[in-house]
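These notes are about the structure you will find just below.
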Amino acid sequence: MQTAIFTTLLVASLLFFGWSVYRRLSLVLLGLPEERFDQPGRRLSEMFLYAFGQLRVIKKPFGLNHFVIFWSFVILAIANGEFLVNGVFPSVSLALLPEGLHRALLIAFDVVSLLTLFAIVLSFVRRIVVRPPQLDSLYVKGRSPEAFAILAFIALLMLAYFGMHGAIIAQGREAAASAMPVSTVVAAWLTHAGVDLTLVERVSWWVHALVLIAFICFLPLSKHMHILTAIPNCYFGALEWPATQPRETFEKGAVYGVGSVERFTWKDLFDSFSCTECGRCQSACPASITGKPLNPRQIVHAIKTNLLENGPALKEGRKGTLPLIGNEGEGTNTEDAIWSCTTCGACMEACPVLIEQMPKIVKMRRHLVETESKFPEELLNLFENMEQRSNPWGIAPGERAKWVSTLPVKPFVAGETEYLLYVGCAGSFDSRAKQVTVALATVLNAAGVSWGILGKDEKCCGDSLRRLGNEYLFDKMAKENAEIFRERGVAKVITLCPHCLTTLKNDYRQYGLELEVVHQSELIADLIKKGRIKLDGSEKSLGKIAYHDPCYLGRHNDIFEAPRTVVQAVTGSAPQEAERHGRNSFCCGAGGGRMWMEEFIGDRVNHTRVDELLAEKPDTVCVACPYCMTMMEDGLKDRGAGEVKVRDVVEVLAEGLLHKKG
């Protein structure tokens with residue numbers, strides 16, 4: 001009778017599981033196509049590293065707890081598989097395996113079950129007692145009844161496992177009892193307690209069976225569906241850091257950006273089912289931390305909720321009723337949230353299952369700008385200035401090269417000049433950034449580097465336009481720049497600005513322009529290494545230096561060491577590090593076009609970053625980006641710390657060279 005009842009329940013639960021999984025995952029096929037099937041060997045490697053190796057999970061102290069639960073799930077899947085099969089076919093069990101292998105498995109099951117029970121207790125304590133802020137957000141709750149139910153299910157499975165095997169051992173029916181140390185202890189306790197061992201065994205068996213069946217039914221309906229999707233999501237993750245956005249085709253009748261959920265790609269939609277809702281992206285996001293309405297976790301959650309709500313209608317060819325962008329509500333992203341993103345990429349760096357939050361936000365910005373012409377008012381001047389004068393301030397192009405008036409600067413000539421110095425808009429027009437340009441030009445001349453400029457023919461690279469979603473104007477400028485570069489025979493480029501670096505290096509490849517682009521800090525570090533710039537490490541006039549990593553130099557282009565190398569070569573000691581630095585650094589607040597927008601909501605991002613740097617009590621904050629320069633100087637003044645100097649890395653070098661001469 002027990003076998004018949006169990007078999008009926010199991011078959012019904014498996015059918016429900018299959019139907020539920022199909023119903024959800026079939027919605028992913030509503031998304032647009034995207035190539036994620038290339039390089040299977042490399043993808044498998046990434047999957048083992050991030051999914052099975054839990055590389056990003058264990059970077060956080062409590063991540064070890066999830067590591068234990070994940071691997072317990074993998075190992076105990078064998079034990080639970082045997083339980084289900086044995087429930088239907090009682091003669092089939094792991095005892096049919098060779099004795100050595102069988103005993104090894106029993107030891108593993110026993111020990112891992114105990115570790116899992118301990119990890120689940122810690123998870124309860126974390127949610128009920130510790131309560132870290134990232135557990136809960138507006139629509140995603142780490143302390144939801146669903147979360148507690150899942151933890152309770154797992155705990156019950158472990159307790160039932162020990163109850164069942166302890167009772168069997170106590171009855172003397174387990175030949176391999178010596179391979180089950182924890183269950184043997186339970187058996188001794190049951191014997192001493194004088195309980196009905198047959199009843200304990202039967203109750204434990206049914207508890208184990210019913211919880212497993214309930215788990216099978218509940219899993220695809222809950223956030224724990226990530227158990228099924230996170231591993232393949234790591235396989236289909238981006239093989240290269242998504243520092244750029246896909247091009248759009250501009251033609252009559254075309255639809256731009258993402259204004260409804262089916263306009264995302266299938267991978268975007270698959271991401272939404274893979275989110276573990278752990279809150280690591282929320283903890284890393286500068287917008288979330290400073291009180292803006294953007295929360296990367298909720299962006300992904302909104303996509304999933306919107307897809308589940310609108311998916312059935314979309315499959316039938318009808319329009320969805322829940323807006324993807326609109327007023328505050330679950331399943332809908334507000335415009336304030338979309339415009340709060342600095343595109344720093346901290347969310348993507350933090351995500352343990354390789355979800356790409358930032359590109360989804362830019363896609364929605366494209367829809368707002370290109371389809372609905374809806375964007376913050378202060379961007380109107382920026383877009384007009386870019387279109388008419390090819391720079392954010394609308395200054396006449398003839399003034400681009402005014403900074404060279406006191407220096408022997410030559411135009412770039414193909415075949416004669418090695419590097420094009422792409423000065424950029426800030427380096428050409430911003431009075432503070434122009435000092436950096438002059439310092440770099442002086443250093444390059446001193447080191448005998450062959451370089452030249454385009455002068456008034458240089459145009460803005462279009463970084464802010466692309467990140468703000470004005471893809472049409474970016475496309476126009478990128479084509480014009482690519483044409484100029486080809487005409488002039490440019491192959492090697494030096495940039496002062498990481499935003500120019502990433503645009504020329506990564507975005508312009510989509511326009512068939514393959515350039516060797518180096519940031520000034522990389523070139524200078526190389527010149528020092530080759531002995532073309534000689535320093536003795538004795539420069540102390542800048543005092544204690546703290547280095548701030550620009551997101552578009554570090555996280556987006558993997559350049560962390562070059563600026564630090566320069567500072568160390570000049571001063572003889574490594575720069576001071578803020579608590580958040582390197583890959584985990586904190587944005588200055590100006591990326592993603594935020595440089596040209598006001599912060600009306602929450603705290604200012606640059607204030608938060610300046611506070612972190614001031615905690616190190618620096619005399620000088622070293623930057624390597626003109627945007628960071630502006631944000632740090634403004635932040636320090638606002639915090640009443642105007643005595644702390646802000647210097648670009650090339651200015652630190654110039655200071656060392658000047659004093660060495662003196």
Side-chain angles (χ1 to χ4, degrees), residues 137-138 140 238 241-246 257-259 264 268 271-272 275 279-303 324-326 328 332-351 355-370 372 374-376 378-379 382 462-471 474 498-499 502-503 507 550-552 554-556 585-606 608-609 625 627-628 631:
S137 58
L138 190 56
V140 182
W241 178 262
T244 186
Q245 316 294 327
V258 173
F264 282 116
D268 289 325
D271 273 354
S272 73
C275 179
R280 284 175 171 80
C281 58
Q282 177 183 331
S283 298
C285 175
S288 295
I289 289 170
T290 55
K292 313 289 191 297
L294 169 63
N295 182 332
R297 174 167 61 168
Q298 289 197 172
I299 291 284
V300 177
H301 177 76
I303 293 171
L324 181 65
I325 303 172
E328 182 65 64
T332 300
N333 295 300
T334 66
E335 292 180 31
D336 281 337
I338 292 168
W339 290 114
S340 294
C341 181
T342 65
T343 68
C344 68
C347 51
M348 296 191 296
E349 181 67 39
C351 182
I355 289 172
E356 297 147 41
Q357 298 92 341
M358 182 195 82
K360 296 171 179 49
I361 294 171
V362 174
K363 288 175 183 176
M364 288 188 278
R365 283 184 174 182
R366 284 184 178 182
H367 171 79
L368 289 172
V369 173
E370 298 180 304
E372 298 193 11
K374 291 174 72 177
F375 44 82
E378 60 264 39
L379 292 182
L382 173 75
D463 158 72
S464 291
L465 291 173
R466 185 161 239 202
R467 274 77 198 173
L468 286 168
N470 195 335
E471 184 69 8
F474 169 80
H499 296 267
T502 201
T503 306
D507 296 87
C551 304
Y552 273 77
R555 200 177 289 121
H556 284 302
S585 188
F586 195 75
C587 183
C588 73
R594 292 289 322 177
M595 177 73 183
W596 320 106
M597 300 165 68
E598 289 298 327
E599 286 187 56
F600 296 111
I601 307 173
D603 299 327
R604 294 187 67 85
V605 175
N606 64 333
T608 300
R609 182 53 174 166
C625 170
Y627 289 0
C628 297
M631 302 305 275

When you check the side-chain N and O atoms of R467 and T342, is any donor under 3.5 Å from an acceptor? no
In the structure I gave you, are the side-chain heavy atoms of P296 and M348 within less than 4.5 Å of one another anywhere? no
Please check if the side chain of E370 supplies one atom and the backbone of E471 the other of a donor-acceptor pair under 3.5 Å. yes
Take C625 and H499, measure what side chain to side chain contact (heavy atoms under 4.5 Å, CB included) needs, and give me the verdict at the end. CA-CA 8 Å; C625 170; H499 296 267; 3.8 Å; yes
Between T343 and G591, what is the shortest heavy-atom contact and its length? OG1-C, 4.0 Å
How far does CD of E599 sit from CE of M597, to the nearest 0.5 angstrom? 9.5 Å
Determine the interplanar angle of the W596 and Y627 rings, folded into 0 to 90°, and report it as parallel if under 30°, tilted if 30 to 60°, perpendicular if over 60°. perpendicular
Does anything in residues 337-347 form a salt bridge (Lys or Arg N to Asp or Glu O under 4.0 Å)? List the pairs, not counting sequence neighbours. none
Under the criterion side chain to side chain contact (heavy atoms under 4.5 Å, CB included), I'd like the reasoning laid out for E378 against E598: C-alpha separation, chi angles, the key distance, then a yes or no. CA-CA 8 Å; E378 60 264 39; E598 289 298 327; 4.1 Å; yes
Could you tell me whether the side chain of L382 reaches within less than 4.5 Å of the side chain of L468, counting heavy atoms only? yes
To the nearest 0.5 Å, tell me how far C281 SG sits from R297 CZ. 6.5 Å
If you take all heavy atoms of R555 and C344, which pair is closest and at what distance? NH1-O, 2.9 Å
For the CE atom of M631 and the SG atom of C588, what is their distance to the nearest 0.5 Å? 5.5 Å
Enter the distance from Q298:CD to C285:SG here, rounded to the nearest 0.5 Å. 11.0 Å
Side-chain contact, heavy-atom cut-off 4.5 Å: T244 with R466? yes
Steps toward side chain to side chain contact (heavy atoms under 4.5 Å, CB included) verdict (V140, N295): CA-CA 10 Å; V140 182; N295 182 332; over 6 Å; no
Under 4.5 Å between any side-chain heavy atoms of R365 and F375, yes or no? no
Measure the spacing between CG of L379 and CG of L465 and express it to the nearest 0.5 Å. 9.5 Å
Return yes if some donor-acceptor pair links the side-chain N/O of T332 with the main-chain N/O of L324 below 3.5 Å, else return no. no
With the side chain counted from C-beta on, respond yes when Q245 and M358 share a heavy-atom pair under 4.5 Å apart, and no when they do not. yes
So how far is it from N333 CG to K360 NZ, rounded to the nearest 0.5 Å? 11.5 Å
Would you say that E328 contacts L138 through its side chain, given a criterion of any heavy-atom pair below 4.5 Å between the two side chains? yes
Any heavy-atom pair between the side chains of I601 and S340 that's under 4.5 Å? no
Could you go through R594 and V605, starting from their C-alpha distance and side-chain angles, then the distance that decides it, and tell me whether this counts as side chain to side chain contact (heavy atoms under 4.5 Å, CB included)? CA-CA 10 Å; R594 292 289 322 177; V605 175; over 6 Å; no
Could you tell me if the side chain of K292 sits less than 4.5 Å from the side chain of D336, heavy atoms only? no
